[in-house]
Amino acid sequence: MKNYLLLLIFTLVSAIAIAQEADKVLGVVINASDDTPLESVNIVNLNQVIGTTTNSKGEFAISAQVNDTLHFSYLGFKSIKVRVTNDWLKFGSSNIVLTELALALEEVVVNQLKLTGYLEVDIKQVPTINDNYRYSISGLPSAGYEASKKSGLTKVIGSIFNPADFLHRMFGKKPNELRKLKKMKEDDEIRNLLASRFDREMLTVLLQVDRVDLDEIVSQCNYSKGFIQSANDLQILDAISECYEEYKLLSRGRSRKI
C-alpha cells in the first residue's frame, strides 16, 4: 500500500512537471543579416504579462499557451510579434529572426545665447525655469518625478476636467488592461525592462493604447511636459498607476457620501 501511494505521488509530480514544461515555449533569436544569435533580446508575453531575455546564445524560454502573443524587441532592430501555436509547444525550439533597422542621425539644432553685456537685456534670453518640484515613488531613485506644486489629489478634486476620470474612460471599459497594469508593476522582469526604455513602445503594446493617448493620460494626470519627455517607461507606468489609485480613492469617497 505504501509503495502504491509513493508511485501515485511520483506519477502526479511527473505529470505536473510535464504539464509545466509543456506551457513553456523555447526558441533562439537570430540576426537576419548574418544568422548570429542576439543576446539580451527583450521578450514579453503580452497575454500573461511576463517577460524574459535571451542568453549569450540567443536562447530563451518563457511560459505561454496556444494563441498567446510574444513581443520581441531589441535596440537597433525592428520589433515583432509572434503568435504561439500548437506546433511550437509540441515540437520545441523555434528560430525567431529580427531585422536590423537602418541607422539615421537626427538633425540637432543648438540655440546659442547672444549676450549683450546688459543684465536687463540678457536675462530676458534665459529660458523660464519650470516651477515644478520633484517627489519620489517607492522603488525608484530619489530624483523621482516632476509634478505641480499642488498635490495630485488636490488638483484632481479641483479640476474641471478630471484626469482620473479620463484615465477611467481609457481603461474602465478594458478591465484586462487594468489587470495588465497591476501585473506589469509586479513582474520584476517587466519593471527592469521598462526602466531601461524611453520609447513607450512596450507600454503602448501592453496597454493597447496609442502613443498620443498615453502622453495625454500622463499630461491630464498633472505631470509636466518635461517629465513626459524625459521619464523612462517605468516612471510613466508608475505615474499612470498613481493617478488611477487617486481615481479609486475618490470613487470610494463619493460612494460613501451617497
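Quick caveat: nothing in here was measured; it's all calculated off a predicted structure. Along the sequence shown, the residues carry numbers beginning at 1. Just the heavy atoms: all of them, side chains too, but no hydrogens, waters or symmetry mates, feed the values below.
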Check whether any side-chain heavy atom of Leu194 sits under 4.5 Å from a side-chain heavy atom of Asn232, and report yes or no. no

Would you say Lys24 and Phe60 make side-chain contact, with heavy atoms under 4.5 Å? no

How long is the span from the CE atom in Met202 to the CG atom in Leu234, to the nearest 0.5 Å? 13.0 Å

Donor-acceptor contact below 3.5 Å, side chain Ser230 vs main chain Gly226: yes

Show your reasoning for whether side chain to side chain contact (heavy atoms under 4.5 Å, CB included) applies to Leu26 and Glu59. CA-CA 7 Å; Leu26 310 176; Glu59 301 168 336; over 6 Å; no

Applying salt bridge (Lys or Arg N to Asp or Glu O under 4.0 Å), which residue pairs with at least one partner in residues 77-95 are found, sequence neighbours left out? none

How long is the gap from CZ on Arg200 to CG on Leu206, to the nearest 0.5 Å? 14.0 Å

With the side chain counted from C-beta on, respond yes when Tyr74 and Val29 share a heavy-atom pair under 4.5 Å apart, and no when they do not. no

For a 4.5 angstrom cut-off between non-hydrogen side-chain atoms, does Val218 reach Phe227? yes

Linked, directly or transitively: Leu75 and Leu101 (ILVMFWY side chains, under 4.5 Å): no

Indicate yes or no: at least one non-hydrogen side-chain atom of Leu38 is less than 4.5 angstrom from one of Phe77. yes

Considering non-hydrogen atoms only, spot the tightest contact between Thr99 and Ala32 and give its length. OG1-CB, 4.0 Å

Could you state the interatomic distance from CG (Asp34) to CD (Glu100), rounded to the nearest 0.5 Å? 8.5 Å

For residues 183-215, which residue pairs pass the ring-ring contact (aromatic ring centres under 6.0 Å, His included) check, not counting sequence neighbours? none

Any salt bridge between Asp199 and Arg211, counting N to O under 4.0 Å? no

Shared-cluster residues of Ile30, by chain and number - hydrophobic side chains joined below 4.5 Å: Val28, Val97

Given the rule in the side chain to side chain contact (heavy atoms under 4.5 Å, CB included) test, do Ile190 and Lys183 qualify, once you have shown the distances and angles that lead to the verdict? CA-CA 9 Å; Ile190 298 291; Lys183 286 184 178 180; over 6 Å; no

For the residue pair Ser79 / Glu201, report whether a side-chain donor-acceptor contact shorter than 3.5 Å exists. yes

Return the minimal non-hydrogen interatomic distance between Ser56 and Pro37, and the atom names on each side. O-CG, 4.5 Å

Beyond-backbone contact of Val84 with Asn67, side-chain heavy atoms, under 4.5 angstrom: no

Acceptor/donor pairs from residues 39-51 side chains to any protein atom, 3.5 angstrom cut, sequence neighbours excluded:
unit_1: Asn45; atom_1: OD1; unit_2: Asn47; atom_2: N; d: 3.0
unit_1: Asn45; atom_1: OD1; unit_2: Gln48; atom_2: N; d: 3.1
unit_1: Asn45; atom_1: ND2; unit_2: Ser63; atom_2: O; d: 3.0
unit_1: Asn45; atom_1: ND2; unit_2: Asp68; atom_2: OD2; d: 3.1
unit_1: Asn47; atom_1: OD1; unit_2: Thr69; atom_2: N; d: 2.7
unit_1: Gln48; atom_1: NE2; unit_2: Asp68; atom_2: OD2; d: 2.8

Is a side-chain donor or acceptor of Gln220 paired with a backbone partner of Ile217 at a separation under 3.5 angstrom? no

My understanding is that only residues two or more places apart in sequence, or in another chain, count here; which of them pass side chain to side chain contact (heavy atoms under 4.5 Å, CB included) with Ile80? Phe72, Val82, Ile96, Leu98

From Asp215 CG over to Tyr223 OH, what is the distance, rounded to the nearest 0.5 angstrom? 14.0 Å

Provide the closest heavy-atom pair for Leu193 versus Arg197 in the form atom of the first, atom of the second, distance. O-CG, 3.2 Å

Looking at side-chain heavy atoms only, is the closest gap between Asp238 and Lys185 below 4.5 Å? yes

Counterpart residues, side chain to side chain contact (heavy atoms under 4.5 Å, CB included), relative to Asp210 (two or more places apart): Asp213

Do Trp88 and Leu70 have side-chain heavy atoms sitting under 4.5 Å apart? yes

